[in-house]
Protein chains: 2
Amino acid sequence: RRNPIAMEPLAARLRFVMEADRLKSVIRGTTLCDGSRRENSAEHSWHIMLWAWTLEEHSAAPVRLDLVLQMLLLHDLVEIDAGDNPIHGDFDAAAVEAQEQAAAARLFGMLPAHQRIALRAIWETFEASQTPDAIFAKAVDRAQPLICNLETDGGSWHDYPVRRAQLQTRVGDKVKRGAPALWAALAPRIDAWFAAHRPDPEADAPA
Amino acid sequence: RRNPIAMEPLAARLRFVMEADRLKSVIRGTTLCDGSRRENSAEHSWHIMLWAWTLEEHSAAPVRLDLVLQMLLLHDLVEIDAGDNPIHGDFDAAAVEAQEQAAAARLFGMLPAHQRIALRAIWETFEASQTPDAIFAKAVDRAQPLICNLETDGGSWHDYPVRRAQLQTRVGDKVKRGAPALWAALAPRIDAWFAAHRPDPEADAPA
Ligand SMILES: [Ca+2]
């Protein structure tokens with residue numbers, strides 16, 4: 001389906017990409033790797049696409065790289081309406097989910113029907129975390145803040161009273177599931193940071 | 001080629017993506033569409049990937065979308081070393097080219113050999129502007145600042161004494177070549193802005 005001259009679908013698409021510009025103003029809990037400022041969701045999305053591309057070989061299962069990249073390109077777009085909800089923040093998961101579904105309907109709804117359907121399906125597939133592509137894409141998305149935090153002496157971990165065991169269920173298990181080698185590389189450094197900064201009293205208690 | 005457990009290529013890849021984080025601190029001449037601040041090259045790269053995806057149907061020739069997205073993901077990475085050179089700024093094209101080639105050698109050189117070769121080839125193909133994929137990718141890259149400038153009452157055009165005819169050769173011809181419908185949609189608005197703000201004396205002179 002090609003249409004190099006028509007005006008109307010083009011105008012709708014331009015309104016969509018102009019609206020998408022607002023993702024550059026959604027500020028995340030994590031900082032740049034040099035700690036100089038907090039990052040926004042648009043540059044974050046670019047960065048983890050590069051991560052996924054270069055780390056593809058370490059996926060737990062073979063992936064379709066083109067779909068992984070498309071998932072990551074779109075994955076945070078709903079934050080334009082729903083905002084960024086830091087993984088260790090306090091939030092109502094059902095309310096966030098409803099906000100994100102409404103955002104997806106509004107934003108993808110700006111596109112011509114065939115694109116609205118295609119892009120939303122890719123986003124839903126990412127959210128569902130069932131395919132190898134989505135599992136790997138989620139692993140990369142969760143791993144990037146870990147590394148930035150390790151590089152900035154704890155980074156956003158200082159802002160949340162997260163404990164090592166919580167980090168495992170919220171983040172570690174998902175990274176390990178999609179990219180086991182990446183998790184194996186990060187886990188010892190994460191263990192060391194938490195042992196030094198936030199020792200778990202139960203870990204020292206007799207079993 | 002899959003390697004879900006090896007440590008060494010993974011470590012090299014992590015150094016590469018951490019280095020790539022610096023693209024978030026390369027500031028462009030253009031602003032966000034709301035004019036609130038200048039944009040950086042990482043978020044710009046994310047944005048034009050979304051542009052290319054949604055506008056693919058308007059490419060002058062059929063493209064391989066996966067390659068277009070990969071080109072745009074990588075296209076500005078060399079700016080980490082070479083900086084952003086605004087299209088209407090004063091610069092020595094040969095010197096910039098040499099800086100960008102050195103940057104490509106250093107940055108892609110951080111990756112394992114097969115990825116170094118593959119990623120650099122994709123970047124070189126974009127730079128060469130010969131394939132339909134590269135021609136369309138370049139058109140989208142050039143078009144995005146036009147729209148942001150139109151949305152912000154001239155935007156970065158106020159910072160450079162660019163004239164309408166110069167804009168045509170530096171930008172317009174490339175947008176038209178890769179995405180003729182996009183150019184057709186923008187040209188009347190660009191004509192109107194330049195007629196109002198920077199009328200060309202020669203345009204009024206008798207031929
Ligand atoms: Ca660019």
Side-chain angles (χ1 to χ4, degrees), chain A residues 1-7 9-11 13-14 16-18 20-25 32-34 36-37 39-40 42-51 53-62 65-66 69-70 73-74 77 111-112 115 119 144 147-148 151 179-182 184-186, chain B residues 1-7 9-11 13-14 16-18 20-25 32-34 36-37 39-51 53-62 65-66 69-70 73-74 77 111-112 115 119 144 147-148 151 179-182 184-185:
Chain A
R1 176 196 274 258
R2 300 192 52 259
N3 191 349
I5 55 162
M7 280 293 161
L10 175 60
R13 288 163 179 150
L14 289 178
F16 170 77
V17 292
M18 295 297 291
D21 197 69
R22 294 172 56 204
L23 194 61
K24 300 171 187 170
S25 301
L32 301 196
C33 294
D34 67 4
S36 59
R37 63 170 172 81
E39 71 172 353
N40 68 63
E43 63 196 357
H44 156 75
S45 298
W46 167 81
H47 200 191
I48 60 172
M49 292 173 73
L50 192 65
W51 280 62
W53 188 0
T54 52
L55 298 180
E56 176 192 3
E57 189 176 295
H58 306 287
S59 169
L65 181 64
D66 59 338
L69 295 184
Q70 288 179 330
L73 181 49
L74 295 182
L77 206 60
L111 288 168
Q115 287 191 311
L119 271 67
Q144 186 245 3
I147 302 200
C148 285
E151 292 291 320
L182 183 55
L186 298 180
Chain B
R1 175 197 274 258
R2 300 192 53 259
N3 191 349
I5 55 161
M7 279 294 160
L10 175 60
R13 287 161 179 152
L14 289 178
F16 171 77
V17 293
M18 295 297 292
D21 197 69
R22 295 172 55 202
L23 194 62
K24 300 170 186 170
S25 300
L32 301 195
C33 294
D34 66 6
S36 58
R37 63 170 171 82
E39 69 173 354
N40 68 62
S41 292
E43 64 196 356
H44 156 74
S45 298
W46 168 80
H47 201 191
I48 60 172
M49 287 190 278
L50 192 65
W51 280 62
W53 188 0
T54 52
L55 298 180
E56 176 193 3
E57 188 175 296
H58 306 288
S59 169
L65 181 64
D66 59 338
L69 295 184
Q70 288 179 330
L73 181 49
L74 296 182
L77 206 60
L111 288 167
Q115 287 191 311
L119 271 67
Q144 186 244 4
I147 302 201
C148 285
E151 292 290 320
L182 183 56

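What you see below is based on every heavy atom in this structure, not just the backbone, and it leaves out hydrogens, waters and symmetry mates. Reminder, nothing fancy here: chain letters follow the sequence lines and each chain counts from 1.
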As an exercise, state the distance from [atom1] of [X] to [atom2] of [Y], rounded to the nearest 0.5 Å.
X: B:Leu73; Y: A:Ser45; atom1: CG; atom2: OG; answer: 11.0 Å
X: A:Trp53; Y: B:Phe16; atom1: CH2; atom2: CZ; answer: 8.5 Å
X: A:Gln70; Y: B:Leu65; atom1: CD; atom2: CG; answer: 5.5 Å
X: B:Leu119; Y: A:Thr54; atom1: CG; atom2: OG1; answer: 8.0 Å
X: B:Met49; Y: A:Met49; atom1: CE; atom2: CE; answer: 3.5 Å
X: B:Leu55; Y: A:Gln115; atom1: CG; atom2: CD; answer: 8.0 Å

So which atom in [X] and which in [Y] form the shortest heavy-atom distance, rounded to 0.1 Å?
X: B:His47; Y: A:Val17; result: NE2-O, 2.7 Å
X: A:Leu10; Y: B:Ala185; result: CD2-CB, 3.8 Å
X: A:Glu43; Y: B:Ala42; result: CB-CB, 4.0 Å
X: A:Met18; Y: B:Cys33; result: CE-SG, 3.4 Å

Contacting moiety of A:Leu32, where chain B heavy atoms sit under 4.5 Å:
both
Listed by chain and number, what are the side-chain hydrogen bond (donor to acceptor under 3.5 Å, both in side chains) partners of A:Ser25, not counting sequence neighbours?
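For A:Ser25, no residue satisfies side-chain hydrogen bond (donor to acceptor under 3.5 Å, both in side chains) once neighbours in sequence are set aside.
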Could you tell me which residues satisfy ring pair (Phe, Tyr, Trp, His ring centres under 6.0 Å) with A:Trp46, sequence neighbours excluded, listed by chain and number?
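Ring pair (Phe, Tyr, Trp, His ring centres under 6.0 Å) check on A:Trp46 returns nothing, list empty.
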Using a cut-off of under 4.5 Å for heavy-atom pairs, which of [options] has the most such pairs with chain B?
options: A:Ala20, A:Ser36, A:Cys148; result: A:Ala20
options: A:Asn40, A:Leu69, A:Asp34; result: A:Asn40
options: A:Asp66, A:Ile147, A:Ile48; result: A:Ile147

Selection from B:Arg22, B:Glu39, B:Glu151, B:Lys24 maximising heavy-atom pairs under 4.5 Å formed with chain A:
B:Lys24
Is [X] in contact with chain A via its backbone, its side chain, both, or neither, using a 4.5 Å heavy-atom distance?
X: B:Gln144; result: side chain
X: B:Leu50; result: both
X: B:Leu111; result: side chain
X: B:Arg37; result: side chain

